[in-house]
Colleague: 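Encoded as structure tokens, here's the structure I'll be asking about.
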Amino acid sequence: MAEELLLDTTLSKADQYRQLLPQLTALTTGEPDLVANLANTAAALRQAFGFFWVGFYLVKDDELVLGPFQGPIACTRIRHGKGVCGSSWAQATTLLVPDVEQFPGHIACSSASKSEIVVPVIQDGCVVAVLDVDSDLLNDFDTTDQHYLEQLAQLAARWF
């Protein structure tokens with residue numbers, strides 16, 4: 001069955017998120033496959049906002065392993081506490097980075113990435129994945145993105 005997002009790009013960013021989240025909830029409700037849900041979520045976020053890179057890294061033992069994503073090829077494995085993704089995992093908190101070159105220990109998976117937001121997916125008190133969103137523009141993310149991507153991460157936690 002084909003799925004289609006209903007997107008109105010003339011809306012404010014907050015309204016676009018409010019429009020997208022229920023559609024993602026409907027799309028993933030009843031689908032038991034983790035990869036399918038993560039893949040559709042990454043695709044929907046990229047389609048809705050035109051982000052440079054959107055994807056998930058999954059916690060496997062002592063590192064993050066690349067999961068479903070949309071965008072150019074990416075780093076495959078990230079150690080706990082390393083880079084923005086590994087730091088978000090270690091701190092179990094969202095990291096909003098306006099200029100990745102200013103982030104100590106930033107891992108440059110792509111030199112085109114300029115700003116980034118990483119949101120931990122937490123289930124039963126443990127980080128099970130991180131949602132990583134990159135932009136090729138400086139300072140492209142704000143507290144609106146943080147608020148709604150954290151809601152999305154709460155939805156994603158149900159799939160694990």
Colleague: Taking side-chain hydrogen bond (donor to acceptor under 3.5 Å, both in side chains) as the cut-off, I'd like each qualifying pair that reaches into residues 113-138, sequence neighbours left out, listed once.
Modeller: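 Checked against side-chain hydrogen bond (donor to acceptor under 3.5 Å, both in side chains) - neighbours excluded - the pairs reaching residues 113-138 are Ser113-Asp134, Ser135-Asp140.
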
Colleague: Kindly indicate whether the side chain of Val97, heavy atoms from C-beta on, has any atom under 4.5 Å from the side chain of Val118.
Modeller: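 Side chain of Val97 against side chain of Val118, heavy atoms only: no contact under 4.5 Å found.
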
Colleague: Do Leu58 and Phe160 make a side-chain contact, defined as non-hydrogen atoms from C-beta onward lying under 4.5 Å apart?
Modeller: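 Heavy-atom side-chain distance check passes, below 4.5 Å.
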
Colleague: Given side chains that start at C-beta, do those of Leu131 and Thr41 come closer than 4.5 Å, heavy atoms only?
Modeller: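 In short, these two side chains do not touch, never coming nearer than 4.5 Å.
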
Colleague: Between Phe69 and Val54, is any pair of side-chain heavy atoms under 4.5 Å apart?
Modeller: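 They are not in side-chain contact.
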
Colleague: Enumerate the residue pairs fulfilling side-chain hydrogen bond (donor to acceptor under 3.5 Å, both in side chains) with a member in residues 79-88, sequence neighbours excluded, ordered by first and then second residue.
Modeller: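 Qualifying pairs: Asp62-Arg79.
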
Colleague: Do Val130 and Ile78 have side chains that get closer than 4.5 Å, going by heavy atoms?
Modeller: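 Answer no - side chains too far apart.
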
Colleague: Are a donor atom and an acceptor atom from the side chains of Glu150 and Gln146 found within less than 3.5 Å of each other?
Modeller: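 Glu150 vs Gln146: donor-acceptor pair found between side chains.
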
Colleague: Ignoring hydrogens and angles, write down the donor-acceptor pairs under 3.5 Å from the side chains of residues 7-17, residues two or more places apart or on other chains.
Modeller:
| from | atom 1 | to | atom 2 | distance (Å) |
| --- | --- | --- | --- | --- |
| Asp8 | OD1 | Thr10 | N | 3.0 |
| Asp8 | OD1 | Thr10 | OG1 | 2.5 |
| Asp8 | OD2 | Thr10 | OG1 | 3.4 |
| Ser12 | OG | Asp15 | N | 3.1 |
| Ser12 | OG | Asp15 | OD2 | 3.3 |
| Lys13 | NZ | Asp142 | OD1 | 3.2 |
| Lys13 | NZ | Asp142 | OD2 | 3.1 |
| Lys13 | NZ | Asp145 | OD2 | 2.7 |
| Asp15 | OD1 | Arg18 | NE | 3.2 |
| Asp15 | OD1 | Arg18 | NH2 | 2.4 |
| Gln16 | NE2 | Leu11 | O | 2.9 |
| Tyr17 | OH | Asp145 | OD1 | 2.6 |

Colleague: Hey, does the side chain of Glu31 reach the backbone of Asp33 with a donor-acceptor pair shorter than 3.5 angstrom?
Modeller: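 Checked: pair present.
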
Colleague: Quick one: does Trp53's side chain have a donor or acceptor within less than 3.5 Å of a partner on Pro72's backbone?
Modeller: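 Here the side-chain-to-backbone pair exists.
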
Colleague: Can you check whether Phe141 and Phe49 have ring centres sitting under 6.0 Å from each other?
Modeller: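 They do not qualify: ring centres at least 6.0 Å apart.
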
Colleague: I want to check something: taking the side chain as every heavy atom from C-beta on, are Val59 and Val121 in contact at a cut-off of under 4.5 Å?
Modeller: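 No - every pair of side-chain heavy atoms lies 4.5 Å or more apart.
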
Colleague: Linking I/L/V/M/F/W/Y whenever their side-chain heavy atoms sit closer than 4.5 Å, directly or via other members, would Val133 and Val127 fall into one cluster?
Modeller: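 They do not share one cluster, since no chain of ILVMFWY contacts under 4.5 Å joins Val133 to Val127.
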
